[in-house]
Each structure stands twice: as structure tokens, then as C-alpha cells.
Amino acid sequence: MTADDHPGDIIEIGGPVRDDRPRRPWRKWLPLVLVAGVGLAVYARTGADSRPDRPPAAPSPSATRAAASPSSATPRPAAPAVTELGHPLLGIDAGWQLYGRGPESVVRVEFARGRVTTTPVPALRSTGPVNFLIGPDRVVVRPLDAVPGYVVPDGGPAAEATDEFSRSGAALPGPDPTSVWVSEEEAGRMLLVRFDGRRTGQTLVLPRNMQGFAEPDGAGYPLVGATGGVYSLRPDGVRRITTGEVLAVGPRHWLARECDERLRCAAVLIEQRTGARRAVPLRLPENEVSRGLISPDGTRTAIWVSSPGALPRVHLLDLRSGGTVPVELAVDAGFFPQAMVWSPDSRWLFVADTVGQLHAVEVASARLRELGVVLPQLDQLAMRAG
């Protein structure tokens with residue numbers, strides 16, 4: 001990008017590109033997450049699932065019912081426990097549902113019904129990234145490593161994943177709520193499959209010079225880094241998003257950081273459908289900044305910013321004014337941004353903190369609100385639209 005490409009001043013948002021920053025294990029494979037809807041896929045690092053500073057969970061404040069598994073030589077999967085609160089959570093009356101995954105359970109929060117379902121899950125035999133996929137009637141947990149994953153059907157116990165979900169490699173949200181892109185690395189392509197494991201017949205060829213793994217582009221297609229920039233793979237061909245770096249993705253927009261030949265850098269908001277671009281007057285701190293998530297309405301993006309000697313903290317960036325509002329919430333850089341998700345109406349940002357505790361950020365005020373129910377440790381979050 002040059003000054004001629006986008007009239008106006010070049011906005012400095014982070015200083016020169018630095019190649020000497022310390023690299024975190026697996027970080028280049030962490031996705032940008034995506035859509036505030038169904039079929040969301042995110043990765044998490046399972047090596048940090050066990051958090052010794054996590055306080056023990058208190059008993060549920062309301063009645064909980066759980067069916068006991070009969071004893072046998074081979075233990076049967078534990079049945080889910082359902083907590084009925086008797087009132088909507090956070091005053092939300094919409095039908096969308098929040099899902100969270102931790103080292104021991106998958107949690108489903110139905111806000112309007114005031115219901116929380118906690119399903120015990122088996123431990124994963126992997127220390128690498130994990131795909132967390134939310135389908136119309138089930139959850140799929142699929143490690144990138146060649147180890148077993150599992151499926152959690154709504155209302156049922158966890159079971160070992162089969163068919164296309166038993167493979168290793170990336171799995172990303174598809175273009176509709178019932179589909180998922182799964183990698184077939186030996187063939188250099190991704191296949192579009194249904195959550196019941198059936199193939200749709202659609203495939204995408206992965207570039208030979210691809211860097212790292214494919215990630216969600218926010219709109220239901222793979223995003224890849226390769227020579228010359230960052231690209232979105234579509235059925236009608238490859239589309240370059242930017243020659244710079246992607247800072248954040250959302251259902252309708254991408255936020256990129258681009259620099260001219262004199263290393264003057266600016267933030268650019270890209271409209272996915274038309275490709276229209278406009279400069280955004282963002283001034284990001286010169287400290288390390290994560291890739292983030294753009295709200296469904298395209299007005300804000302959530303990122304974390306790290307400072308020397310301090311834990312990373314969440315910031316909300318206004319994509320219209322360029323203003324930055326810090327949220328008083330520390331996060332684990334190894335799990336971000338898969339430890340957060342926007343609500344479909346863009347009014348709430350849900351974040352898991354450094355010990356896996358879930359917080360609700362009321363976006364208009366940047367204030368933290370508690371759900372009023374005790375949940376187990378959660379490291380990954382995703383949303384199913386109602």
C-alpha cells in the first residue's frame with residue numbers, strides 16, 4: 001500500500017515491523033476466529049489446559065440433575081448435568097447460545113432459558129492446537145495432532161469422533177451452519193463436509209507455498225498466508241486480502257495492517273463482499289498486539305495488548321473513530337483469541353480470563369458483568385446463533 005492508494009495521512013499504528021519478537025509455540029497456527037453464528041471453529045493449546053491457580057468450582061446455586069452411569073468394566077461416558085436458573089441470564093432474551101470447552105467439560109449456556117448444560121469429556125492426548133466446532137445439534141472437538149477427538153451431541157454424553165472428524169489437521173467453519181472445511185493434507189486440499197460426516201463434494205486446493213495452517217477468514221472460507229501476502233480461498237479462486245498482515249477478522253470485514261515502501265504503516269478496513277477499503281485512524285500501542293475479532297456489525301474489534309512485565313489485557317477498538325478502550329481483564333496469550341467470542345447482536349463480548357473464568361463484557365460501557373452461575377474452567381469459546 002502507498003499513500004497514493006489511500007489518500008490522507010499515513011497513520012502510525014505500531015512502528016516498524018519487528019522480526020525479533022519471541023515466538024510462542026503453535027502461535028502461527030492460532031486462527032482469527034470467526035463468525036458470530038453456527039459452525040464456528042477455533043484452536044486452543046491443550047498443554048495449558050491444567051491451570052493450577054484455578055480456584056475450585058463451588059456447588060451450583062440451583063438444582064442440578066445428572067444421571068449416574070452404571071458401573072461396568074468399561075466406564076460409560078458420564079451424562080450431562082443441567083442447571084436451571086429459572087430466569088434469563090444477563091437479561092438476554094435472544095435464542096443464541098454460548099459454548100465453552102475446558103480440559104474436563106464442554107459447557108452450553110442458553111441465556112434466554114436460563115439453562116446451563118455441562119458435559120464431562122475425555123482428556124485429550126495432545127499438547128497442540130484443537131479445533132472447537134459448533135454445529136446445529138452437536139459439538140466436535142478435533143485436535144490437529146493425530147490423536148482421538150470427541151463429539152458432544154446436544155443433551156447427550158461425549159463420544160469418540162469418527163469419519164472425517166477422526167482425522168488430524170485443520171478444521172474450519174464452512175459457508176453455512178451445517179458445514180465444515182476439513183484438511184486432507186496428503187492431497188493438499190480441504191473438503192467441505194457436513195457435521196454428520198457426509199462429504200458435500202466441494203474442495204479447495206491449498207497453495208504449495210502456504211505458511212502454517214489454514215485459518216478461518218471470518219466468512220466461512222480458509223485464510224492462508226503465502227508468498228506476497230494473505231489470501232482467502234474461495235470456490236471461484238484465490239483472493240488476496242492484503243500484502244501486509246491481518247489484524248482481525250469478522251463476518252463482514254477484515255482489518256489489515258499495511259506499510260508502504262518507507263515502512264509507514266496504516267490500518268485498513270476491508271469490506272469482504274465488495275473489496276472496498278478505507279483507512280482507519282487506529283493508534284495501536286507499540287507493545288505486542290494479538291490478532292483479534294471484529295464484531296458482527298463491523299463497528300469494533302477486540303484484541304489483546306501486552307505490556308512489559310504485565311499480563312496481556314483486552315482492548316476494544318472503535319473502527320469508526322479509531323478510539324481504544326481498555327477492558328480491565330487479563331487474558332492468557334496462549335489461548336487468545338479463541339478464548340473470546342462476540343454475541344450475534346454485537347452488544348456483548350464473552351472472554352475467558354487467565355484462570356479460565358468466563359466474563360461478559362457489556363460493550364457499550366466496557367464494563368464486566370457476571371453471569372450469576374458458577375462454571376468450570378473454560379479455555380475456548382464459540383457461539384451458536386438462535
Side-chain angles (χ1 to χ4, degrees), residues 1-17 31-37 175 215-226 228-234 236-305 314-327 337 340 342-347 349 363-364 366:
M1 182 193 72
T2 66
D4 292 333
D5 294 325
H6 304 289
D9 294 337
I10 299 294
I11 308 298
E12 293 287 343
I13 66 167
V17 176
L32 315 180
V33 184
L34 7 285
V35 280
E215 303 174 345
D217 76 344
Y221 294 95
L223 185 77
V224 300
V230 182
Y231 302 82
S232 178
L233 306 184
R234 302 294 179 101
D236 59 353
V238 178
R239 175 184 178 187
R240 181 160 64 184
I241 296 172
T242 178
T243 56
E245 63 177 323
V246 174
L247 294 177
V249 300
R252 296 187 294 171
H253 300 85
W254 297 303
L255 181 67
R257 178 181 186 269
E258 299 177 343
C259 302
D260 65 12
E261 66 279 1
R262 298 183 63 183
L263 206 56
R264 296 177 300 181
C265 303
V268 179
L269 190 68
I270 306 166
E271 208 279 326
Q272 293 180 12
R273 185 179 61 84
T274 65
R277 305 160 67 88
R278 67 174 175 88
V280 179
L282 294 180
R283 286 190 175 273
L284 301 182
E286 292 196 13
N287 302 314
E288 190 171 0
V289 176
S290 79
R291 288 182 172 179
L293 305 181
I294 301 174
S295 59
D297 65 5
T299 62
R300 293 178 175 86
T301 186
I303 62 169
W304 64 250
V305 177
V314 179
H315 284 61
L316 293 174
L317 309 180
D318 191 313
L319 295 174
R320 297 161 297 187
S321 68
T324 303
V325 179
V327 177
M340 72 173 180
W342 286 95
S343 65
D345 60 6
S346 302
R347 293 180 57 191
L349 178 72
V363 175

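Side-chain atoms are counted along with the backbone in the values below, which use heavy atoms only and exclude waters and symmetry mates.
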Taken to the nearest 0.5 Å, the spacing of L293 CG from L255 CG works out to 11.5 Å

- For D297, does its backbone N or O pair with a side-chain atom of S346 as donor and acceptor, under 3.5 Å? yes

Applying side-chain hydrogen bond (donor to acceptor under 3.5 Å, both in side chains) to T301 and not counting sequence neighbours gives none

Applying side-chain contact (heavy atoms from CB on, under 4.5 Å) to A276 and not counting sequence neighbours gives E271, T274

Is there a donor-acceptor contact under 3.5 Å from the side chain of R240 to the main chain of G229? no

Check your understanding: What's the verdict on side chain to side chain contact (heavy atoms under 4.5 Å, CB included) for T299 and L319, showing C-alpha distance, side-chain angles and the deciding distance?
Key -> CA-CA 5 Å; T299 62; L319 295 174; 5.9 Å; no

For P251 and A219, the nearest pair of non-hydrogen atoms, with its separation, is O-CB, 4.1 Å

Note: W254 and V249 closest approach over all heavy atoms is CD1-CG1, 3.6 Å

side-chain contact (heavy atoms from CB on, under 4.5 Å) filter on P326, not counting sequence neighbours, yields H315

Taken in chain and number order and not counting sequence neighbours, the residues that satisfy salt bridge (Lys or Arg N to Asp or Glu O under 4.0 Å) with D318 are R320

d(I241 CD1, Q272 CD) to nearest 0.5 Å is 7.5 Å

Between S321 and P281 the two heavy atoms that sit nearest each other are O-CG, 3.7 Å

Residue set satisfying side-chain contact (heavy atoms from CB on, under 4.5 Å) with V363, at least two apart, ordered chain then number -> R300, L316, W342, L349

Those residues at least two apart in sequence (or on a different chain) that pass salt bridge (Lys or Arg N to Asp or Glu O under 4.0 Å) with R234 are D217

Distance col, row I270:CD1 vs I294:CD1, nearest 0.5 angstrom, shows 9.0 Å

dist R257:CZ -> L247:CG (nearest 0.5 Å) comes out at 7.5 Å

To the nearest 0.5 Å, atom CZ of R273 lies from atom NE2 of H253 at 10.0 Å

Closest heavy-atom pair, G244 versus V230, reported as atoms and distance to 0.1 Å, is O-CG2, 3.9 Å

